[in-house]
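Shown next, in structure tokens, is the structure this report addresses.
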Amino acid sequence: MLYPFIKPLLFRLEPETAHNLTIEMAKLSPVIGKLTGQPIDSRLSLKVGSVNWTFPIGLAAGLDKNAEALTFMGHQGFGAIECGTVTLKPQLGNPRPRMFRYPDEQSLRNAMGFPNQGLLEILPRLRAYGGATPLGVNIGKNKDTTAEESIEELSLLLETMEEAAQYFVINVSSPNTPGLRALQEKTYLSELFTELNKVRNGKDLYLKIAPDLDQNKIVELTHLAQEYKLTGIIATNTTIMPDRGVGGVSGVLLREKSREVRKIILKESTNLELIAVGGITDPQDLFNLWKDGGKVAQVYTAYVYQGPDLLKKFHQELVNFVKKQNMTLEKFFELPLSERQYRL
Ligand SMILES: Cc1cc2nc3c(=O)[nH]c(=O)nc-3n(C[C@H](O)[C@H](O)[C@H](O)COP(=O)(O)O)c2cc1C
């Protein structure tokens, strides 16, 4: 209700300025988050790994990089909130401008480069968070850290924050840190997962992958995640579209590519969880994911364009869905894929 009035004002500002203003407002006034948000409905909760998502749509990484607006985002009705990417040391990221809008295509392009306040600033906020919505933390290496050093760095990040969140995500798929995507290599990841498994203390752990990988690589990473007993894969990060400029593109322009990557992962029929992200814009995208064999999704760009109405729309569709199915979502997902009927 409020967002249609605020959005034209925000969209008149430079995208990152609008983003920062939104985070400031969310930080100062969690109550606005509640007034414009959707209440938790137990029929719509779902177990993902060992975490109880309160709703099948979570907040993707990168929007609340510094974990400043967790309570607000929980009140909005997201089913899980992923903050970060958090790095060990604070860093400024790439020079501005580094966020661009494509309103006609409901898409964004960003070349942020992990600007964030670093582990020591962010950790107390994670510890102070007491909301009902589960919390995930997305971690990455600092820009000037080498591949060899990054294993120790990521282990330290995970070990230090382990008790303060419900799940963790390794981000080796951002196009905005030079050389980062090269870390999607098998030898590097095998070593990394071995070290992370020593410190994760049973905590859920995901690998977030890029949409710009070929099919063999996607299959290889899926098997690797399975072999090292990760909880699952988050697919996908933003896509490179050099004709648009530097950075990674998200939103509707990414939708089909991202879905194809997810289909490859889901076809491998492992016991991994899949968190879908990339172009999830309408309830139909979630239903398509379910038909492909997936369960939960995250959003970033669609939330920028639609605001709290996005969650309202999903909430209404999902309440209708469980009513028509006459069972909770948790029960629905206990059915084998072949026995699920989509009474929409
Ligand atoms: C401005 C911006 C910043 C982002 N920052 C991060 C980040 O720090 N870490 C990360 O893993 N993903 C980051 N992402 C990627 C999103 O989490 C998500 O994977 C991607 O945008 C695709 O989802 P969408 O189409 O719903 O936006 C960022 C995306 C945007 C648009």
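Being a predicted model, the structure only gives us computed values, none of them experimental. As the structure lists them, so they are numbered: ligands from 1, and atoms in each ligand from 1.
Scanning all heavy atoms of the two residues, the minimum distance from I81 to G74 falls at CD1-N, 3.5 Å. The shortest non-hydrogen separation linking A61 to N138 is CB-ND2, 3.4 Å.
Near N237, with a cut-off below 4.0 Å to any heavy atom, the atoms of ligand 1 are 11 (O), 12 (N), 15 (C), 19 (O). Remark: ligand 1 atoms within the under-4.0 Å shell around heavy atoms of M99 are 1 (C). Heavy-atom proximity to N138, at under 4.0 Å, picks out these atoms of ligand 1: 10 (C), 11 (O). Contact atoms of ligand 1 toward V299: 26 (O) (distance under 4.0 Å to a heavy atom of the residue). The distance from ligand 1 to the heavy atoms of T238 drops below 4.0 Å at these ligand atoms: 20 (C), 21 (O). Residue N171 has at least one heavy-atom neighbour below 4.0 Å for each of these atoms of ligand 1: 9 (N), 10 (C), 11 (O). Applying the 4.0 Å criterion to heavy atoms of G278 picks out, from ligand 1, the atoms 22 (C), 23 (O), 25 (O). Within ligand 1, the atoms closer than 4.0 Å to a non-hydrogen atom of V277 are 18 (C), 19 (O), 22 (C), 23 (O), numbered from 1 in the order shown.
Using modelled atom types and a 3.5 Å distance limit, the side chains of N237 and S174 yield no donor-acceptor pair. A side-chain donor from one of N110 and N176 sits under 3.5 Å from a side-chain acceptor of the other. With 3.5 Å as the limit, one finds no donor-acceptor pair spanning the side chains of K208 and S173. No side-chain N or O of T281 forms a donor-acceptor pair with one of Y305 less than 3.5 Å apart.
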* Please lay out, stage by stage, how T85 and I139 fare under the test side-chain contact (heavy atoms from CB on, under 4.5 Å). => CA-CA 5 Å; T85 297; I139 58 178; 5.6 Å; no
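For atom 31 (C) of ligand 1, the nearest non-hydrogen atom of the protein is S250 OG, 3.5 Å. The protein atom (non-hydrogen) at minimum distance from atom 13 (C) of ligand 1 is A61 O, 3.3 Å. Summary of contacts: the protein heavy atom closest to atom 27 (O) of ligand 1 is T301 OG1, 2.5 Å. Remark: minimum distance from atom 9 (N) of ligand 1 to any protein heavy atom is reached at T85 OG1, 2.7 Å.
Aromatic rings from F287 and F321 are positioned such that their centres are separated by under 6.0 Å.
Residue contacts with ligand 1 include G251, since one of its heavy atoms falls under 4.0 Å from the ligand. Note on ligand 1: T236 sits in its first shell, one or more heavy atoms being nearer than 4.0 Å. At a 4.0 Å cut-off, not a single heavy atom of S174 sits close enough to ligand 1 to count as contact.
Between F78 and Y303, the ring planes are perpendicular. Angles over 60° get that label, and only those under 30° would be called parallel. Aromatic ring orientation, W290 versus F333: perpendicular (interplanar angle above 60°, classes split at 30° and 60°).
Within the cation-pi definition used here (under 6.0 Å to the ring centroid, within 45° of the axis), R200 does not qualify as a partner of F168. Taking the ring centre of Y102 as origin, the terminal cationic atom of R109 falls outside the region bounded by 6.0 Å and 45° from the ring axis.
The side chain of K65, and not its backbone, has at least one atom closer than 4.0 Å to an atom of ligand 1 (non-hydrogen atoms only; side chain from C-beta on). At a heavy-atom cutoff of 4.0 Å, ligand 1 is contacted by the side chain of N110 but not by its backbone.
Between G279 and ligand 1, at least one pair of N/O atoms sits closer than 3.5 Å. Looking at ligand 1, you'll find an N or O of Y300 within less than 3.5 Å of one of its N or O atoms. Residue Q298 has no N or O atom closer than 3.5 Å to an N or O atom of ligand 1.
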